[in-house]
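These notes are about the structure you will find just below.
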Amino acid sequence: MHVILHNVMVSAFVSCGRIDEAKHLFEQMKERNTASWNAILVGYAKGGLKVESFNLFREMHEADVEFDALTMATIINLCASLLALEHGEKIHGLVIKKGHVNSSVVLETALVDMYAKCGAIEKARIVFDMVNDKNIVSWNAMITGYSKHGYSKEALILYEKMQREGIYPNEVTFLSVLAAYSHTGLIEEGLRISISMLEDYEVEAKAEHDSCMVDLLGHAGLLEDAKEVIEKMPIEPQVSTWGALLGACRVHNDVDMERFVANRLFELDPQNPGHYVLMSNIYTAAGRWKEVEDIRQMMKIKGVRKDPGISWIEINNELQIFHAVSKMHPQTEEIYCTLRHLTLRIKGLGYIPDTTFILQNVEDITKEEEEESLLQHSERLAISLGLISLPEKSTIRVFKNLQTCSDCHTATKLISKITDRHIIVWDTNRFHHFENGECSCGDYW
DNA sequence: GTAGGGTTAG
């Protein structure tokens, strides 16, 4: 009886965000059951205390406390947010071992989402197909997964299948479906579904949906129409709405529209380095060197610095993290040797390093130094380590904290070809599946 | 015999 009362109190503290008090009470409890541990685990997870959550889970394991579906779902969700595939797989194994398969849609959906987010989209599909009572969240997890991986066709096919099975789409579904239409350039279909969303499904467009429409039209080159969407929005456009239009300006080298968008973004989100990088790229492509310099100066004055690029790869359950030109890794010698070798070979296939879009923070460096640093971008170091360390033919999964640069994108396509490897790069927005010289994003990003 | 979990665009 005592334990239940205590559990309720721990949960109450957690739901008010008073983690310290919850923890204090939890630690003082003489008797604890699964629910007690879950209460505090959920508290940690909600508070974004990832390391603490994992430690607690380990303690639970060591103390031989029974897990239930909630414990598993919470920890799987955590793996997803950390992009930790190997950890996630281990826990999936535990789910199976403990007989929790088919015990809860929530847990199974969490697994689908984890596999998709960690780059294992085929595995996500296998788990998805085994979910007995798929609900809208399960379908959304899988459709979104496909969309994020650049598999738009699969996303749309699944959307059709979902409807045939009598599941009603919701606002989340439409975000992914609109994105899939945008990626495949199906403008008419995208427009049609944005109308049908309200008329047939009574789902009201939120700012996020408008951002998708801006992206859909903007990427297709209909920049004026995209702008009109923003102007007609009944709600205040978000930074991301303007961001979508800025992205479209980059794709279509539209300097005039960029100026218009830039002014809005300077007001709304002046400290975001990503916007400045995009702007600089647009001016560079147009050969407007004075404006490129202006952007640099503006960043200096406002104290905005481009985030340093970081890439990481999971090898034997451990994360290996790289900065550009970093020489910290114990296998540095081998990594650089492999990289030099690869660069030579892809140059043989016609690769020419493109240093045009490099945005320097402060000092000027020579063309040669620029090229040298480009060839050692963090994702290339991570890929190189993957090639050395992972079993032959196995998929290489690399994660990056920024959008991948177009030169690395070109180089990785060629590297996938000459090494005959499936290379997956996650770059904050989406997954790029490089296979046989091509990328699943279709060069759309 | 508690109360808790999974999906969101560029």
Side-chain angles (χ1 to χ4, degrees), chain A residues 1-15 32-43 45-46 67-81 100 103-114 116-117 124 127-128 131 134-148 155 162 167 169-183 190 194 203 205-219 226 238-251 274-275 278 403 427-430 441 444-445:
Chain A
M1 186 59 204
H2 238 79
V3 92
I4 295 166
L5 206 60
H6 280 145
N7 290 350
V8 174
M9 284 169 75
V10 172
S11 294
F13 278 132
V14 162
S15 52
R32 299 171 190 157
N33 59 16
T34 302
S36 332
W37 288 83
N38 281 349
I40 199 81
L41 183 67
V42 165
K46 268 190 187 158
F67 303 134
D68 65 6
L70 169 63
T71 324
M72 301 291 199
T74 307
I75 213 79
I76 286 290
N77 187 23
L78 215 61
C79 293
S81 75
H100 286 292
S103 70
S104 129
V105 207
V106 176
L107 172 55
E108 290 175 285
T109 303
L111 282 164
V112 172
D113 178 54
M114 183 275 291
K117 286 215 176 102
V127 177
F128 174 78
V131 183
K134 300 179 185 65
N135 61 20
I136 184 61
V137 183
S138 325
W139 287 92
N140 285 346
M142 195 63 227
I143 292 172
T144 305
Y146 275 140
S147 181
K148 282 266 183 194
M162 179 185 106
I167 306 283
N170 69 8
E171 56 185 60
V172 177
T173 323
F174 287 113
L175 284 177
S176 296
V177 170
L178 283 172
Y181 280 133
S182 175
H183 296 169
S194 75
V203 172
K206 298 207 302 186
E208 287 88 340
H209 297 95
D210 289 325
S211 298
C212 281
M213 291 311 292
V214 169
D215 180 69
L216 179 90
L217 296 165
H219 256 87
Q238 298 176 340
V239 168
S240 56
T241 319
W242 292 108
L245 190 52
L246 184 64
C249 293
R250 202 261 314 173
V251 175
H275 300 326
L278 268 183
Q403 213 173 285
D427 81 348
T428 68
N429 283 333
R430 60 170 44 78
C441 79
Y444 169 112
W445 84 88

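FYI, side chains are in, hydrogens and waters are out, and symmetry mates aren't considered; it's all heavy atoms of this structure.
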Test for a donor-acceptor pair under 3.5 Å between the base of dG5(B) and the side chain of Ser104(A), counting only N and O atoms.
yes
Ile76(A) CD1 - dG4(B) P separation (whole Å):
22 Å
When you get a sec, tell me which of dG5(B), dA9(B), dT2(B) is the closest nucleotide to the side chain of Val106(A)?
dG5(B)
With a non-hydrogen cut-off below 4.0 angstrom, is Ser138(A) in contact with a base, only sugar-phosphate, or nothing?
base
Which nucleotide in dT8(B), dT2(B), dG4(B) has an atom nearest any side-chain atom of Val8(A)
dT2(B)
Donor-acceptor pair present, Asn135(A) side chain and dG6(B) base, under 3.5 Å:
yes
Whole Å only: how far is the CZ atom of Arg250(A) from the P atom of dG10(B)?
13 Å
Separation of Met142(A) CE from Lys134(A) NZ (nearest 0.5 Å):
10.5 Å
Ignoring the backbone of Lys46(A), work out which of dG5(B), dG6(B), dT7(B) is nearest its side chain.
dG5(B)
Ranking dT7(B), dG4(B), dA9(B) by distance to the side chain of Val42(A), first place goes to dG4(B)
Under 4.0 Å: is that the gap between some side-chain N or O of Asn429(A) and OP1 or OP2 of dG10(B)?
no
Kindly indicate whether the side chain of Leu246(A), heavy atoms from C-beta on, has any atom under 4.5 Å from the side chain of Trp242(A).
no
When you measure from the side chain of Ala179(A), which nucleotide among dG5(B), dG10(B), dT7(B) comes out closest?
dG10(B)
In whole Å, I'd like the distance from the CG atom of Leu70(A) to the P atom of dT2(B).
15 Å
Of the candidates dA9(B), dG4(B), dT2(B), the side chain of Lys148(A) sits closest to dA9(B)
Classify His209(A) by what it touches in the nucleic acid, base, sugar-phosphate, or nothing, heavy-atom distance under 4.0 Å.
nothing
Counting the atoms with a prime plus P, OP1 and OP2 as sugar-phosphate, which does Ala69(A) contact under 4.0 Å by heavy atoms, base, sugar-phosphate, or nothing?
base
Round to a whole Å and report the spacing from CZ of Phe13(A) to C1' of dA3(B).
16 Å
Taking only the side-chain heavy atoms of Val137(A) (C-beta and beyond), determine which of dG6(B), dT2(B), dT8(B) contains the nearest atom.
dG6(B)
Base, sugar-phosphate, or nothing for Asp215(A), non-hydrogen atoms under 4.0 angstrom?
sugar-phosphate
Side chain proximity check, Asp210(A) to Gln238(A), heavy atoms < 4.5 angstrom
no
Under-4.0 Å side-chain N/O to phosphate OP1/OP2 contact, Lys117(A) with dT8(B):
yes
Check whether Ser147(A) reaches the backbone of Thr144(A) with its side chain - one donor and one acceptor, N or O, closer than 3.5 Å.
no
Which nucleotide sits closest to the side chain of Leu175(A): dT8(B), dG6(B), dG10(B)?
dT8(B)
Taken to the nearest whole Å, CG/Asn7(A) to P/dA3(B) is 10 Å
Candidate nucleotides dA9(B), dT2(B), dT7(B), ranked by approach to the side chain of Ile4(A) - the nearest
dT2(B)
Any His183(A) side-chain nitrogen or oxygen under 4.0 Å from OP1 or OP2 of dG10(B):
yes
Consider the side chain of Val105(A), meaning its heavy atoms from C-beta on, and name the nucleotide among dG4(B), dA9(B), dG6(B) that approaches it most closely.
dG6(B)
Just how far is it from atom CG of Leu216(A) to atom OG of Ser211(A), taken to the nearest 0.5 Å?
12.5 Å
Strictly below 4.0 Å: does Asn170(A) bring a side-chain N or O up to OP1 or OP2 of dT8(B)?
no
Starting at CZ of Arg32(A) and ending at C1' of dG1(B), how long is that distance when rounded to a whole Å?
20 Å
Euclidean distance, Thr74(A) OG1 relative to Leu41(A) CG, rounded to 0.5 Å
5.0 Å
I need the CH2-P distance between Trp139(A) and dG6(B), as an integer number of Å.
21 Å
We want to know whether Asn170(A) and Thr173(A) form a side-chain donor-acceptor pair, criterion being a heavy-atom distance below 3.5 angstrom.
yes
Under-3.5 Å donor-acceptor pair between Asn38(A) side chain and dG5(B) base:
no
Length of the line joining Trp242(A):CH2 and dA9(B):C1', which is rounded to integer Å
17 Å
What is the nucleic acid contact for Thr144(A), judged by heavy atoms within less than 4.0 Å: base, sugar-phosphate only, or nothing?
sugar-phosphate
